[in-house]
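The next block holds one structure in the form of structure tokens; read it before the comments.
Numbers restart at 1 for each chain; the letters A, B, ... are given by sequence-line order, proteins then strands. Every heavy atom of this structure was used, including side-chain atoms; hydrogens, water molecules and symmetry mates were not.
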2 protein chains.
Amino acid sequence: MKNTIRVQRAIKNITQAELADLVQVSRQTINTIESGKYVPSTVLALKIARVFDTSVDNIFELEEGD
Amino acid sequence: MKNTIRVQRAIKNITQAELADLVQVSRQTINTIESGKYVPSTVLALKIARVFDTSVDNIFELEEGD
DNA sequence: ACCAAATGTAAATTATAAAAGACAATTTGT
DNA sequence: ACAAATTGTCTTTTATAATTTACATTTGGT
């Protein structure tokens with residue numbers, strides 16, 4: 001699964017640490033999700049989408065292996 | 001987090017077992033997600049949404065405790 | 001170049017999603 | 001009412017998400 005968190009952060013101009021704070025997880029959790037190392041829960045995906053005023057589907061997308 | 005999987009299944013008229021088959025998980029996984037006992041991964045949420053030709057946000061919604 | 005902020009990564013631990021199997025309870029059709 | 005299909009729930013086990021701490025690397029500003 002791929003995601004556009006980096007782009008969304010750039011648009012809102014916030015750091016990984018700030019995003020982590022906004023959705024109440026550790027900075028490392030944001031970092032590893034952003035770099036595709038692991039898949040967040042749906043609750044976390046919904047919270048991230050809410051921060052960026054968009055949909056989960058607009059941030060996360062399935063790819064071949066999934 | 002709440003969801004509308006039961007409704008979506010009714011619309012498409014498919015069983016939990018059939019949905020499980022379509023997204024490649026066990027029937028129990030669908031059952032426990034549908035009854036709110038646990039939160040699926042974002043990959044699974046995307047797959048479920050795809051089965052119902054809709055968005056993750058249209059099926060899963062945050063609530064107070066989340 | 002220098003400093004500071006931001007990002008990347010690694011190891012260990014904890015929490016929880018997901019699987020499998022089995023059986024109980026409920027619903028649906030005839 | 002009966003039988004079959006569907007759904008609910010339990011236990012055990014496995015896989016992986018998430019936390020914490022700590023440190024390395026990179027990026028941006030002056």
Candidate nucleotides [options], ranked by approach to the side chain of [X] - the nearest:
X     : options               : value
A:R6  : C:dT9, C:dG8, D:dA18  : C:dG8
B:T15 : D:dT6, C:dA18, D:dT19 : D:dT6
A:K37 : C:dT7, D:dT19, C:dT9  : C:dT9
B:N31 : D:dA18, C:dA19, D:dT7 : D:dT7

Length of the line joining [X]:[atom1] and [N]:[atom2], which is rounded to integer Å:
X     : N      : atom1 : atom2 : result
B:I33 : C:dT16 : CD1   : P     : 16 Å
B:F60 : C:dA17 : CZ    : P     : 12 Å
A:M1  : D:dT16 : CE    : C1'   : 13 Å
A:Q16 : C:dA5  : CD    : C1'   : 12 Å
B:I30 : D:dG8  : CD1   : C1'   : 15 Å
A:E18 : C:dA5  : CD    : P     : 13 Å
B:K47 : C:dA17 : NZ    : P     : 17 Å
B:D21 : D:dA5  : CG    : C1'   : 16 Å

request  = Determine whether A:T42 and A:F60 make a side-chain contact, defined as any pair of heavy atoms from C-beta on separated by less than 4.5 Å.
outcome  =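 No, too far: nothing below the 4.5 Å cut-off.
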inquiry  = Counting C-beta onward and ignoring hydrogens, is there a side-chain heavy-atom pair between B:I30 and B:V25 closer than 4.5 Å?
reply    =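 Heavy-atom side-chain distance check passes, below 4.5 Å.
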request  = Would you name the heavy atoms of B:I33 and B:N3 that are closest together and state the gap between them?
outcome  =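 Between these two residues, the closest heavy atoms are O-ND2, 3.1 Å.
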message = For D:dA18 and A:S41 - does any side-chain N or O of the residue sit under 4.0 Å from the phosphate oxygens OP1/OP2?
response =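 Indeed, a polar side-chain atom of A:S41 lies that close.
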request  = Establish, with yes or no, whether the OP1 or OP2 oxygen of D:dT19 is under 4.0 angstrom from a side-chain nitrogen or oxygen of A:T29.
outcome  =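 So the side chain of A:T29 is within the cut-off, an N or O lying under 4.0 Å from OP1 or OP2 of D:dT19.
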5' precedence on DNA chain D between B:I14 and A:Y38 (nearest-nucleotide basis) =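 Residue closer to the 5' terminus by nearest nucleotide: B:I14.
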ask   = So what does A:S26 hit on the nucleic acid, given a heavy-atom distance under 4.0 Å: a base, only sugar-phosphate, or nothing?
value =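 Answer is base: heavy atoms of A:S26 come under 4.0 Å of a base.
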task = Classify the nucleic acid contact of B:Q24 as base, sugar-phosphate or nothing, counting any heavy atom under 4.0 Å across all strands shown.
result =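 Result for B:Q24 = sugar-phosphate.
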key: Connected via hydrophobic side-chain network under 4.5 Å: A:Y38 and A:V56   =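 Linked within one cluster.
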key: Carboxylate-amine/guanidinium contact B:K12 B:E18, below 4.0 Å   =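 Between B:E18 and B:K12 there is no salt bridge, as every charged N stays at least 4.0 Å from the carboxylate O atoms.
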key: base_contact_polar (C:dG21 base, B:R27 side chain, donor-acceptor, <3.5 Å)   =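 No, the side chain and the base share no sub-3.5 Å donor-acceptor pair.
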request  = Please state whether the base of C:dG21 and the side chain of B:Q28 form at least one donor-acceptor pair under 3.5 Å?
outcome  =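 Yes.
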